[in-house]
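Keep in mind that this is a model prediction, so the values were computed, not measured.
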Amino acid sequence: MILGRQPAIGLAELESIYGAGKLQPLGQSAVIVDIDPCLMAFDRLGGSIKFCKLLTTIESSEWEKIEKFLIQVSPDKSKTMPDGKMRLGLSAYGFDIPEKNIMASGLKIKKAVQKTGRNVRFIPNKSNELNSAQVIHNKLTSPNGWELIIVRNGNSTVIGQTVKVQDIASYTLRDRGRPKRDARVGMLPPKLAQIIINLAAGNIPESKLESICDIPADQKIPAPVLDQTVLDPFCGTGVISTEAALMGYHALATDLDKRMVDYTLENFTWLRDKFPVGHLEVRANQADATNYTWKQPFDFVASEIYLGQAFTSFPDNETLAKAMSTTNLILRKFLTNLAPQINSGTRLCLAIPAWQQSPGKYRTLPLIDQISELGYNRLRFKHVGNDELIYSRSNQTVARQLLILTRK
């Protein structure tokens with residue numbers, strides 16, 4: 001599996017779903033997931049961009065030796081593919097080499113395959129890794145497509161082949177095509193909504209996952225029915241609730257603003273017309289999450305709380321202190337209100353604000369250090385530190401810190 005722009009978050013998502021013991025991280029960008037590949041729920045992963053088949057491991061990380069190996073084995077591989085033009089692409093992760101070296105290797109592999117009589121088109125690299133759009137546009141996951149994934153893992157190299165990439169057209173439609181959006185309440189990306197839901201839901205039993213190998217490649221994978229309900233107490237325009245339906249969950253949504261409740265329901269109606277969500281439901285009503293009693297049952301909590309004032313640059317100390325105090329109080333009141341309403345072990349993932357002073361340096365809410373006093377435990381991951389679970393871009397001041405909790 002090739003992880004996304006912030007690999008630590010994608011790794012935490014996989015650890016949440018499949019367990020730490022099933023994961024073998026490869027460098028900074030990839031991970032081997034030790035499960036039946038037919039049960040890999042790739043379409044519900046917001047933090048992984050490529051689903052790959054493991055081919056082999058080379059006991060060297062020298063590019064010249066890797067190139068020589070690929071030139072030797074590629075002609076025989078090409079003979080197993082259907083007749084017609086072969087499409088070849090290379091993506092290298094963890095190698096400190098210029099992209100022209102990768103291009104040169106690809107052209108040598110192309111020449112070796114052409115000697116078998118096959119017509120080959122090599123996809124030129126714009127960087128060391130081909131992006132999802134390049135893979136999709138050039139049909140590198142088709143029967144005649146072959147994107148070789150080359151991952152440095154210390155002194156060895158893992159070779160894989162891309163089977164599937166994120167459906168960027170679907171993500172774009174769900175993000176920009178939904179009828180109701182509101183920049184004032186934050187534009188939560190669908191990918192991040194999926195990650196929040198997966199971090200909140202935790203392990204998914206294999207018995208609940210449908211084998212994707214039984215579904216024709218040209219058909220959409222229907223949402224599984226997981227017989228669980230997610231609570232989103234700060235629903236905004238309903239991104240988490242609608243993504244939850246696509247992932248197989250019912251959703252219970254509330255928001256202080258009646259307009260946001262209406263937006264959530266309208267966006268879900270739109271979603272049902274365009275995606276296979278079956279009988280899954282999103283129920284929404286107006287409520288103040290800091291004092292409301294949820295009478296309908298739910299299994300876990302996934303939400304983005306109020307992120308506070310939007311800033312175009314890092315604020316002065318007084319302004320920041322006010323913003324932190326406001327959001328800190330809302331979070332405290334919400335967790336205090338929720339605690340007596342849920343059972344021990346109930347899991348939550350909340351996106352809360354963090355303020356980026358400089359790239360990679362953040363100011364975070366003081367309440368994080370007082371979580372235990374409110375009746376919660378902060379979940380810790382084996383492969384990822386909690387300080388890495390901040391979703392941001394270099395030009396953003398207000399980032400999202402992912403806080404994963406369980407009720408004591």
Side-chain angles (χ1 to χ4, degrees), residues 1-11 24-32 47-78 85-115 118-142 144-166 168 358-360 388 392-395:
M1 195 77 71
I2 299 298
L3 303 168
R5 179 177 60 85
Q6 294 188 241
I9 292 177
L11 191 57
Q24 179 189 341
L26 305 173
Q28 299 296 315
S29 302
V31 57
I32 294 174
S48 297
I49 58 174
K50 294 179 182 179
F51 177 24
C52 308
K53 176 171 63 176
L54 178 62
L55 298 179
T56 190
T57 298
I58 303 171
E59 296 305 322
S60 175
S61 59
E62 296 180 27
W63 187 256
E64 293 77 10
K65 292 183 178 179
I66 296 165
E67 176 188 88
K68 182 178 180 181
F69 172 80
L70 293 175
I71 291 171
Q72 289 176 341
V73 302
S74 294
D76 286 339
K77 164 64 180 177
S78 69
K85 180 181 286 188
M86 176 182 175
R87 300 177 182 88
L88 171 66
L90 298 185
S91 287
Y93 297 86
F95 291 91
D96 185 19
I97 57 174
E99 64 188 59
K100 66 179 182 180
N101 290 28
I102 300 171
M103 287 278 291
S105 297
L107 292 172
K108 291 176 184 178
I109 296 169
K110 171 184 175 178
K111 186 175 181 180
V113 173
Q114 285 177 324
K115 290 181 179 179
R118 177 181 286 274
N119 193 2
V120 183
R121 182 187 171 207
F122 175 66
I123 311 305
N125 290 68
K126 298 178 182 178
S127 65
N128 284 12
E129 311 93 22
L130 299 177
N131 60 39
S132 296
Q134 288 174 289
V135 175
I136 293 169
H137 177 74
N138 292 289
K139 301 179 181 179
L140 289 176
T141 59
S142 69
N144 276 336
W146 198 28
E147 184 194 15
L148 283 172
I149 299 295
I150 307 162
V151 182
R152 182 174 182 174
N153 185 36
N155 293 323
S156 63
T157 301
V158 175
I159 308 291
Q161 177 183 348
T162 303
V163 175
K164 195 170 186 180
V165 296
Q166 280 188 335
I168 54 178
S358 59
E388 299 177 271
S392 67
R393 294 187 181 275
S394 59
N395 62 344

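Atom OG1 of Thr141 and atom NZ of Lys50 lie 11.0 Å apart (nearest 0.5 Å). The CD atom of Glu129 lies 10.0 Å from the CD atom of Glu147; values are rounded to the nearest 0.5 Å. For the atom pair Met86 CE and Asn119 CG, the distance stands at 11.0 Å (nearest 0.5 Å). If you take CD on Gln166 and CD1 on Ile136, they are separated by 9.0 Å, rounding to the nearest 0.5 Å.
Between the Arg5 side chain and the Pro7 main chain, no donor and acceptor come within less than 3.5 Å of each other. A donor-acceptor pair is defined here as one N or O able to donate and one able to accept, closer than 3.5 Å; such a pair exists between the side chain of Asn131 and the backbone of Ala133. Side chain of Ser78 to main chain of Pro75: a donor-acceptor pair is present (N/O by atom type, distance under 3.5 Å, no hydrogens or angles). With hydrogens and angles disregarded, no donor-acceptor distance shorter than 3.5 Å links the side chain of Gln161 to the backbone of Trp146.
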Val120 vs Ile109, side-chain contact (heavy atoms from CB on, under 4.5 Å): CA-CA, chis, key distance, verdict: CA-CA 10 Å; Val120 183; Ile109 296 169; over 6 Å; no

For Leu130 and Asn125: C-alpha separation, side-chain torsions, deciding distance, then whether side-chain contact (heavy atoms from CB on, under 4.5 Å) applies. CA-CA 6 Å; Leu130 299 177; Asn125 290 68; 4.0 Å; yes

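The minimum heavy-atom distance linking Ser61 with Thr157 is given by the pair CA-OG1, 3.5 Å. When all heavy atoms of Ile149 and Cys52 are compared, the closest pair comes out as CG1-SG, 3.7 Å.
When side chains are defined from C-beta on, Leu55 counts as touching Leu148, because their heavy atoms get closer than 4.5 Å.
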